[in-house]
Amino acid sequence: MKLATYTVKKGDPQIGAVVAGDKIVVDLASADRAVARKEKRKPHGFFSDMLSLLEAGNKGMAAARKAVRAAEAKLGDKPKADGKTTHNLSRVRLRAPNPNPRKLFCLAGNYQDHLEEGGHKMVAQDCETPFVFMKPPTTTVTGPGDSILISPIARTVDWEGELAVIIGRKAKGVKAKDALKYVAGYTCMNDVSERRLQVKKRTDPRPKDSWFDWLNGKWLDTFAPQGPWIVTTDDIPNPQTLDISTYINGVRKQHNNTGQMLTPVANTIAYISAFLTLEPGDMISTGTISGVGSTTGTFMKKGDVVEVEISGIGTLRNKLAKSKK
């Protein structure tokens, strides 16, 4: 099931399921109301937004699937949107599918080829524990088709195509063998990075200054685009079999497979949940592959189009634009 957040014209965000070969989106709240009338019950209240649906857990996902099946049966063999319960995907605007994650984690150095392209020689410790950092979710998250903003202090804006994990159940101290049970689904993310952030000049930069510049360069507004939708775990039972590619203006810059992760998804969830509680709607972006711009000194500029494509999910497309602030 492909779960999306979208708007129709200038209306409020709604959540839906993308069907019919990615041509039609089913309004889950409307579809559920139709099922509720037949079952003589009240409509579910968790189809108001994606976080509410994720918090509803298995009950919410089961209700979503039932609503989608009913809507698809009504569509028939020649799907035609009615503009109420169903909409042509081309007539809606997709938003970030999980627009309000409570926490947004990212992994650094989770693929050997990316570590090595930066001049790092692999050592045993690189496979022992992941390098986890966070991005501010309320200001970095943006959706498909939205602009990635180049602020006045940004000089070297780089791309990082990644697989992102959406947590579906509260998880604390879980074991790796059970960790995928806590996942709701997966989406594409671009861990956009300002490689040489400099807000103010320093008299004599120290190693820790450079480290924090690297970290703060991940935090700029709009630097965590995601989408186009969330693909649930029934369609992706194994997240370590997916191809990832990143394109800049149609030219492929990155290509690898998630099977090459140094710390797989399950182990990452187990590691993070050992020291904090993961909650429904939390996201983990699992690190990028080789082919980033900093390797060749090639960075994104105004007007560039960047696409992150993951097999079994789809393509996240964004354009670069200048920001005044």
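- Taking the six-membered ring for Trp and the full ring otherwise, the centers of Phe133 and Trp214 sit less than 6.0 Å from each other.
- Taking CZ from Arg169 and CG from Asp282, the interatomic distance works out to 14.0 Å, rounded to the nearest 0.5 Å.
- Between Thr187 and Trp229 the shortest side-chain heavy-atom distance does not fall below 4.5 Å.
- No path of Ile, Leu, Val, Met, Phe, Trp and Tyr side chains, each step under 4.5 Å between heavy atoms, connects Met50 with Leu316, placing them in separate hydrophobic clusters.
- At a threshold of 4.5 Å between non-hydrogen side-chain atoms, the residues Lys84 and Asp27 do not count as touching.
- Checking each of Thr222, Thr142, Leu220 against Leu149 for a side chain to side chain contact (heavy atoms under 4.5 Å, CB included) leaves exactly one that passes, namely Thr222.
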Glu279 and Ile167: CA distance, side-chain angles, deciding distance, side chain to side chain contact (heavy atoms under 4.5 Å, CB included) verdict: CA-CA 7 Å; Glu279 302 169 284; Ile167 298 298; over 6 Å; no

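- You'll find the side chain of Thr263 stays beyond 4.5 Å of the side chain of Thr129, heavy atoms only.
- Formation of a donor-acceptor pair under 3.5 Å by the Glu309 side chain with backbone atoms of Gly314 is not found in this model.
- Interatomic distance, Glu128 CD to Asn267 CG, rounded to the nearest 0.5 Å: 13.0 Å.
- Considering CZ of Arg317 and CG of Asn190, their distance stands at 13.0 Å, rounded to 0.5 Å.
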Verdict with reasoning, Asn98 to Thr5, per side chain to side chain contact (heavy atoms under 4.5 Å, CB included): CA-CA 7 Å; Asn98 184 29; Thr5 297; over 6 Å; no

Glu117 vs Ser290, side chain to side chain donor-acceptor pair (under 3.5 Å): CA-CA, chis, key distance, verdict: CA-CA 6 Å; Glu117 74 172 342; Ser290 64; 4.8 Å; no

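- Ion pairing of Asp304 with Lys319 is absent here, as no side-chain N (NZ or NE/NH1/NH2) approaches a carboxylate O to less than 4.0 Å.
- Put simply, OG on Ser311 and CG on Asn257 are 7.0 Å apart, with the number rounded to the nearest 0.5 Å.
- Contact record, Arg195 with Phe299: CG-CE2, 3.7 Å, taken as the closest heavy-atom pair.
- A side-chain donor-acceptor contact under 3.5 Å links Ser52 and Asp49.
- In this structure a side-chain-to-backbone donor-acceptor pair under 3.5 Å is missing from Ser245 to His255.
- Residues Thr268 and Leu107 form a side-chain contact, since some pair of their non-hydrogen atoms from C-beta on lies under 4.5 Å apart.
- A pairwise comparison of heavy atoms in Val141 and Ala96 identifies CG1-CB, 3.9 Å as the closest pair.
- In this structure, Leu28 CG and Met1 CE are separated by 7.5 Å, a value rounded to the nearest 0.5 Å.
- Linking ILVMFWY residues whenever their side-chain heavy atoms come closer than 4.5 Å, directly or via other members, leaves Leu3 and Ile284 in distinct clusters.
- Both Val306 and Ile150 are assigned to one and the same hydrophobic cluster, defined by single-linkage of ILVMFWY side chains at heavy-atom distances under 4.5 Å.
- Listed here is the closest heavy atom pair of Thr286 and Glu162: N-OE1, 3.8 Å.
- Distance alone, capped at 3.5 Å, is enough to place a donor-acceptor pair between the Thr140 side chain and the Pro136 backbone.
- Side-chain contact between Leu94 and Leu89 is present, with at least one heavy-atom pair separated by less than 4.5 Å.
- Under the 3.5 Å distance criterion, with hydrogens and angles disregarded, a donor-acceptor pair is assigned to the side chains of Ser193 and Lys218.
- The closest donor-acceptor contact from the side chain of Asn256 to the backbone of Ile289 lies at 3.5 Å or more, if one exists at all.
- Residues Val19 and Glu72 have side chains in contact (heavy-atom distance under 4.5 Å, counting atoms from C-beta outward).
- When every heavy atom of Val308 is checked against every heavy atom of Met189, the shortest pair comes out as CG1-O, 4.0 Å.
- Summarising the geometry of Leu115 relative to Asp126, their closest heavy-atom pair is CD1-CG, 4.0 Å, with the distance given to 0.1 Å.
- Counting only distance, with no hydrogens or angles, the side chain of Lys324 and the backbone of Ser151 share no donor-acceptor pair below 3.5 Å.
- Atom CG of Asp234 sits in a crowded spot, with more than 12 heavy atoms from other residues, nucleotides or ligands closer than 6.0 Å.
- Looking at Arg65, Lys38, Arg41 one by one, the single match for salt bridge (charged side-chain N to carboxylate O under 4.0 Å, His left out) with Asp32 turns out to be Arg41.
- Hydrophobic cluster membership is shared by Tyr182 and Val231, with clusters built from Ile, Leu, Val, Met, Phe, Trp and Tyr side chains linked at under 4.5 angstrom.
- Remark: Asp82 CG to Ile24 CD1 distance equals 9.0 Å, nearest 0.5 Å.
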Worked check of side chain to side chain contact (heavy atoms under 4.5 Å, CB included) between Tyr6 and Gln14: CA-CA 5 Å; Tyr6 68 98; Gln14 304 173 65; 3.6 Å; yes

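- Counting heavy atoms from C-beta outward, Ile313 and Lys2 have side chains that stay 4.5 Å or more apart.
- Using a 4.5 Å heavy-atom threshold, the side chains of Phe223 and Glu194 count as touching.
- A salt bridge does not link Arg196 to Asp158: none of the charged side-chain nitrogens sits closer than 4.0 Å to a carboxylate oxygen.
- Other residues, nucleotides and ligands contribute over 12 non-hydrogen atoms within 6.0 Å of the CZ atom of Arg102.
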Leu180/Asn238 under side chain to side chain contact (heavy atoms under 4.5 Å, CB included): CA gap, chis, key distance, verdict: CA-CA 9 Å; Leu180 295 186; Asn238 182 2; 5.6 Å; no

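- Comment: Arg206 engages Asp209 in a salt bridge, judged by a side-chain N to carboxylate O separation of less than 4.0 angstrom.
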Lys175 vs Asp178, salt bridge (charged side-chain N to carboxylate O under 4.0 Å, His left out): CA-CA, chis, key distance, verdict: CA-CA 5 Å; Lys175 296 180 179 179; Asp178 299 319; over 6 Å; no

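- Residues Val68 and Ile166 share a single hydrophobic cluster, defined by chaining ILVMFWY side chains whose heavy atoms lie under 4.5 Å apart.
- The pair Lys135-Asp191 counts as a salt bridge, with a side-chain nitrogen and a carboxylate oxygen less than 4.0 angstrom apart.
- Donor-acceptor pairing under 3.5 Å is recorded for the side chains of Gln254 and Thr288.
- In terms of heavy-atom proximity, Pro239 sits nearest to Thr258 at O-OG1, 2.7 Å.
- Atom NZ of Lys172 has more than 12 neighbouring heavy atoms from other residues, nucleotides or ligands inside a 6.0 Å radius.
- Other residues, nucleotides and ligands contribute at most 12 non-hydrogen atoms within 6.0 Å of the NZ atom of Lys170.
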Pair Asp146-Asn318, side chain to side chain donor-acceptor pair (under 3.5 Å): steps then yes or no: CA-CA 6 Å; Asp146 292 338; Asn318 299 93; 5.9 Å; no

